[in-house]
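All remarks here apply to the structure that follows.
Quick note on labels: first sequence line is chain A, next is B, and so on, each numbered from 1. Because only heavy atoms are used, hydrogens play no part in the values below, and waters and symmetry mates are left out as well, while side chains stay in.
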Amino acid sequence: MRRGVLAGAVLLTALLLQAGVVNPLDLPVGHPDLIVLCVVALALVAGPTWGTVIGFTAGLAADVVPPADHTLGRLAMAYALVGYAAGLLEDVEERSVVTTVAVVAVGSAAVVLVFAGVGALLGDARVDASSVADSLIATILYDVILAPFVVPLVSGAARRAEPVTTY
Amino acid sequence: MRDSGRARVVLAVLLLTAFTLITLDYRSGSGGPLRRVANAVFGPIENAVGDVARPIGSFFSSLGHLSSYKSDNAKLRKEVATLRSQLRLTDAERERLADEEKLLHLDQIAQFRIVAAHVSAVGGSLDFESTATIDVGSRDGITANMTVIDGDGLVGKTLSVGPTTTTVLLANDVQFSAGARLESSQLIGHVDGGGRGAMRFTLLDSQGTIKVGTRLVTFGDIGQRPFVPEVPIGRVTRVVPTPGALTRTAEVTPYVGFDSLDVVGVVVSAPRTIKRDSLLPPSPSPSPPPSPTPTPPTTPPATPAGSTSPSPSTSRTGH
């Protein structure tokens, strides 16, 4: 329960920071994706079931939060898959920083590819080779840079919110 | 991985749900009820976040100039006296005031009725979209498909509208398209946002010639929706060779800097007539000057907007 509230608060903060603070920054190539960082961090603690639910919810919110203008459900699908996959690594003992960063890198790439892939199927004109390449490079690069700071912070908070896993 | 069986069921159910949502939303087109609810709920929070984040953003962007500030420290000392009088204004506020003055200037020449707004959030969705949220909405008389401008020229058009926020499709988005006219001529075509690439102008006349440096203005749509006429768009920087094609294509550098949008205006109504080319900035400058001055009235006075030569692009609405 407390973990649910925490996850909600973390995701809401990430969404608002993404649209209001991160996206307006004039960075080269693109921008980091805070939501995938938070989904991975929460799913690594919560396991595959809750990881999927957290990813789906975060994606659905990102699909509708104001400046978004794409077919509803595309991000929900992408983040749900990443939440599930990251959740499968819940039981891995002694996770090193390198593993975490690798999970974030793969997760970021997966989100971009699923989002772009579904977009391409729907005939979204925004999806072409150069936009996919730029989005992949920027999202992976910036997320890998941020991962060592954001993931332990969010995972630690989630672990403290519910010290004993009871489901 | 003790409950990965249950996890798989949950995953399957949620993926199906996402698939259903995609199908439903794709068939109904954008701006469904869920998005309207989200506009109403998240909009005010985004406005609040934007008010806090704006000065922080301009602080970071001013960091880039830090070295040059340091080098002419002595000069700065001389300016302390002047600065003291302006001490009450923060950097962000002064920047915004300058933006607002510019917008007002353009607004006065054209006699548009505009609603001024701040950009409170910028769309990304993994950097595929170029959209923005502004802090005015249906309560301020905004509806979908209105022209959005700033002091430099065309910014975009409004998409979905909430009570206090509006989503704007920026002119550099791939899905953006608007009717455009070459300055001091009747040659018309359409301008399309290029996403990561350059903005493109397509001239709907295989005989017409485009020169580098020519400036573009909006052509205006029927009923002035979504675009009012005569808003400056940009300058032609390269003519793309298209041998044998029925249309001619050119790359356009927009006047508006889409990376640093702050104060914008939504045109809620435009006068029936606007003097041709009257809103364009002076020609030879490579970059848009701070205050656009009207070009001398060499053209015949006040052509009725929208009654120019009927052509395929008049019906173009830029969806």
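- Ranked by non-hydrogen atom pairs under 4.5 Å with chain B, the options Leu72(A), Val112(A), Leu81(A), Val64(A) are led by Leu72(A).
- Here Ser131(A) is the residue among Gly30(A), Gly20(A), Ser135(A), Ser131(A) with the most heavy-atom pairs under 4.5 Å with chain B.
- Heavy atoms closer than 4.5 Å to chain B are found nowhere in Val22(A), neither backbone nor side chain.
- A donor and an acceptor atom, one from each side chain of Asp192(B) and His190(B), are located under 3.5 Å apart.
- Only the side chain of Leu75(A) comes within contact range of chain B, with at least one heavy atom under 4.5 Å from a heavy atom of that chain.
- Contact count versus chain A (heavy atoms, under 4.5 Å) is highest, among Val168(B), Leu21(B), Asp127(B), for Asp127(B).
- Counting heavy-atom pairs closer than 4.5 Å to chain B, the top-ranked of the candidates Leu136(A), Asp63(A), Thr71(A), Asp33(A) is Thr71(A).
- Looking at Thr167(B), only its side chain comes within 4.5 Å of chain A, counting heavy atoms on both sides.
- Contacts between Val29(A) and chain B at a heavy-atom distance below 4.5 Å involve the backbone alone (N, CA, C, O).
- Comparing Val36(A), Thr52(A), Ile35(A) by how many heavy-atom pairs each has under 4.5 Å with chain B, the most go to Thr52(A).
- The closest donor-acceptor contact from the side chain of Thr237(B) to the backbone of Glu251(B) lies under 3.5 Å.
- Electrostatic pairing of Asp173(B) and Arg126(A) counts as a salt bridge here, judged by a charged N lying under 4.0 Å from a carboxylate O.
- Asp25(B) contributes no side-chain N or O that, together with a main-chain N or O of Ile22(B), makes up a donor-acceptor pair within less than 3.5 Å.
- In the model, Ser120(B) has no side-chain atom that pairs as donor or acceptor with a side-chain atom of Asp135(B) under 3.5 Å.
- Nearest approach of Gly107(A) to Val82(A), heavy atoms of both residues: O-CG2, 3.6 Å.
- At distances below 3.5 Å, not a single donor-acceptor pair connects side-chain atoms of His118(B) with backbone N or O atoms of Val263(B).
- Looking only at heavy-atom pairs under 4.5 Å with chain A, the residue among Val174(B), Asp259(B), Leu11(B) that has the most is Leu11(B).
- Contacts of Leu12(A) with chain B are made by side-chain atoms alone, with heavy-atom separations under 4.5 Å and no backbone atom involved.
- The most heavy-atom pairs under 4.5 Å with chain B, out of Asp124(A), Leu16(A), Leu122(A), come from Leu122(A).
- In this structure, Thr158(B) contributes its side chain and Asn145(B) its backbone to a donor-acceptor pair below 3.5 Å.
- For Leu60(A), the part lying under 4.5 angstrom from a heavy atom of chain B is the side chain only.
- The main-chain N or O of Ala41(A) is found under 3.5 Å from a side-chain atom of Ser155(A) such that the two form a donor-acceptor pair.
- Comparing Gly55(A), Gly59(A), Ala80(A), Ala68(A) by heavy-atom pairs within less than 4.5 Å of chain B, the highest count is held by Ala68(A).
- Heavy-atom pairs under 4.5 Å with chain A peak, among Val9(B), Val13(B), Thr131(B), Leu126(B), at Leu126(B).
- Between Phe128(B) and Phe115(A), the ring-plane angle classifies as tilted under the 30° and 60° cut-offs.
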